[in-house]
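Since the structure comes first, as structure tokens, the remarks are kept for the end.
Counting convention: from 1, in listed order, for ligands and their atoms alike.
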Amino acid sequence: MKATAVAPANIAFIKYWGKTDEELRLPLNDSLSMNLSGSYTTTTVEFSPAFTADDTRLVDGEFSQREILRVGDALDEIRAKAGIRLHARVYTKNSFPKGAGAAASASGFAALTVAAFAAAGCKLSQKELTIFARLGSGSACRSIPDGFVLWEKGTTSDDSFAYSLCPHTHWDIRDILVIVDSRMKKVSTTDGMKTVSTSPLLAARLKAIPARMEGIKQALAQKDFARLGEIAEEDCLDMHRVMQTQAPPLQYWNDSTRMIMDAVKTWRKAGLPVYFTVDAGSNVHVLCEGRDEGHVLEKVRALAGIESVILNKPAPGAHRIDNHLF
Ligand code: PMV
């Protein structure tokens, strides 16, 4: 009763910020993302009658008590569905800094869901797996299907799920993740979203999203990079304006974030097709097409104040592998 899975983080072009149901993690709006090849989590889960308690560990790091409890809750959901009562050993390894807006919770809960159901001997459809991953962390549902993924908000737990719009092989684009601060963010997305309705800009955001979603879907189908980039950037800025006008205001950017966003705009004015998006953190995802990778990397690496750079291509969704972590 042991299995290992790898799951990618994902970057949303149309972002999820705010829920209609806290417990079930039902989102206020549909969202759309791309899986990231260079930012992933590997998780091994084993259930055994020999274990007297759950043992959850982050290899090369440490989970907080809150994170261990969240994994415990997810394990309880999975055990209930699989009809088992055994304790679990869960080892997890990230390829990138945890908690810095690089979506470790998305890849983490996607890998946990796929590994734990496999270890429990329970075969679920991909749709069901996305629903269980969502209960752990909303955006985790988007890390299960292949490539470019849509999460339909739904109205109940059973119809809030994610599916692939295009496989990762569809379009050779890049997400160059520029890390400017690898520490844990101060306000988690779970806490930050709780006060979203205090923003006077939320209603306008929710109204604007369906047209953006149509635009991104068309851009994907036609491989229209400028359209995709423009909409992704607009939606990112819109989400951050909502965050910044919540009570209390949430400010995830720092000076380096703003400097990189300005640099991207300057490069674009000079003719380079490059765009940015930022999640709930200070790190910047710089988007470009594969043919411009070398040029953009060179410019990004020359910027002052950056800690590291992670190069991502579109990636497959969560899947099992044979090499266990223990
Ligand atoms: O699912 P969570 O709690 O990791 O929230 C993700 C929220 C954003 O990253 C800010 C946006 C998104 O859609 O990924």
Side-chain angles (χ1 to χ4, degrees), residues 7-36 39-41 64 66-67 70-71 73-74 94 96-113 130-145 148-153 160-162 175 177 184-196 199 202 205-206 209 212-213 216 231-244 246 250-253 257 276-285 287 312 318:
N10 66 73
I11 182 66
F13 299 143
I14 302 286
K15 297 188 186 287
Y16 144 60
W17 189 252
K19 306 184 186 80
T20 55
D21 188 312
E22 280 293 322
E23 195 94 328
L24 296 174
R25 293 182 194 273
L26 298 178
L28 282 170
N29 60 274
D30 293 354
S31 54
L32 189 151
S33 61
M34 178 181 103
N35 289 333
L36 302 177
S39 316
Y40 51 88
T41 299
S64 66
R66 186 177 175 176
E67 288 167 325
R70 244 172 106 174
V71 172
D73 288 346
N94 289 323
F96 58 96
K98 177 169 74 79
S105 66
S107 53
F109 280 101
L112 174 70
T113 303
T130 72
I131 289 169
F132 274 92
R134 190 202 77 227
L135 296 171
S137 168
S139 58
C141 68
R142 298 190 311 236
S143 287
I144 291 194
F148 299 86
V149 177
L150 184 98
W151 173 15
E152 270 186 21
K153 63 181 169 147
S160 183
F161 64 98
D175 176 311
L177 172 53
M184 281 294 281
K185 57 196 166 222
K186 287 195 194 82
V187 180
S188 71
T189 51
T190 304
D191 289 341
M193 284 185 203
K194 282 183 184 150
T195 48
V196 69
S199 167
L202 177 65
R205 167 165 176 72
L206 295 177
I209 284 178
R212 277 185 207 144
M213 187 60 87
I216 289 261
I231 298 173
E233 216 174 90
E234 179 183 302
D235 190 70
C236 155
L237 292 173
D238 187 27
M239 177 184 76
H240 283 273
R241 277 193 294 265
V242 168
M243 292 165 158
Q244 289 157 6
Q246 289 179 208
L250 274 177
Q251 179 55 270
Y252 284 110
W253 301 343
T257 316
F276 64 77
T277 183
V278 182
D279 276 346
S282 53
N283 302 320
V284 183
H285 295 253
L287 307 172
N312 297 289

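By the side chain to side chain donor-acceptor pair (under 3.5 Å) test, Asp30 pairs with no residue at all, sequence neighbours left out. Residues that satisfy the salt bridge (charged side-chain N to carboxylate O under 4.0 Å, His left out) test with Arg70, not counting sequence neighbours, are absent from this structure.
Note that CE of Met193 is 7.0 Å distant from CE of Met243, once rounded to the nearest 0.5 Å.
When each atom of ligand 1 is checked for a heavy atom of Ser105 under 4.0 Å away, the hits are 4 (O). Against a heavy-atom cut-off of under 4.0 Å, Ala12 is close to the following atoms of ligand 1: 12 (C), 13 (O), 14 (O). In summary, the atoms of ligand 1 found under 4.0 Å from a heavy atom of Gly138, numbered by their order in the structure, are 1 (O). Of all atoms in ligand 1, numbered sequentially from 1 with element shown, those under 4.0 Å from a heavy atom of Thr189 are 2 (P), 3 (O), 4 (O), 5 (O). Per-residue contacts place Asp279 under 4.0 angstrom from the following atoms of ligand 1 (heavy atoms of the residue considered): 9 (O). With ligand atoms numbered from 1 in the order given, ligand 1 contributes 10 (C) to contacts under 4.0 Å with heavy atoms of Ala280. Set against the non-hydrogen atoms of Met193, the atoms of ligand 1 under 4.0 Å away are 5 (O), 7 (C).
When heavy-atom distances to ligand 1 are checked against a 4.0 Å cut-off, Arg25 has no atom that comes that close, whether in backbone or side chain. When non-hydrogen atoms are compared, ligand 1 lies under 4.0 Å from the backbone of Ser139 as well as from its side chain.
A donor atom on one side chain and an acceptor atom on the other are not found under 3.5 Å apart for Trp17 and Thr189. Judged purely by distance below 3.5 Å, without hydrogens or angles, the side chains of Thr277 and Lys15 pair a donor atom with an acceptor atom.
Counting heavy atoms from C-beta outward, Arg134 and Phe161 have side chains that stay 4.5 Å or more apart. In this structure, Lys19 and Leu26 have side chains that are not in contact, with every pair of non-hydrogen atoms separated by 4.5 Å or more. A 4.5 Å side-chain heavy-atom check between Asp238 and Arg212 finds at least one atom pair inside the cut-off.
Some N or O of Ser137 is nearer than 3.5 Å to an N or O of ligand 1, by distance alone. Looking at ligand 1, you won't find any N or O of Lys15 less than 3.5 Å from one of its N or O atoms.
The closest approach between any non-hydrogen atom of Ala106 and ligand 1 is not below 4.0 Å.
Compare Tyr16, Phe109, Tyr252, Trp151 by their heavy atoms: the one nearest to atom 7 (C) of ligand 1 is in Tyr16.
Atom OH of Tyr40 has 12 or fewer neighbouring heavy atoms from other residues, nucleotides or ligands inside a 6.0 Å radius.
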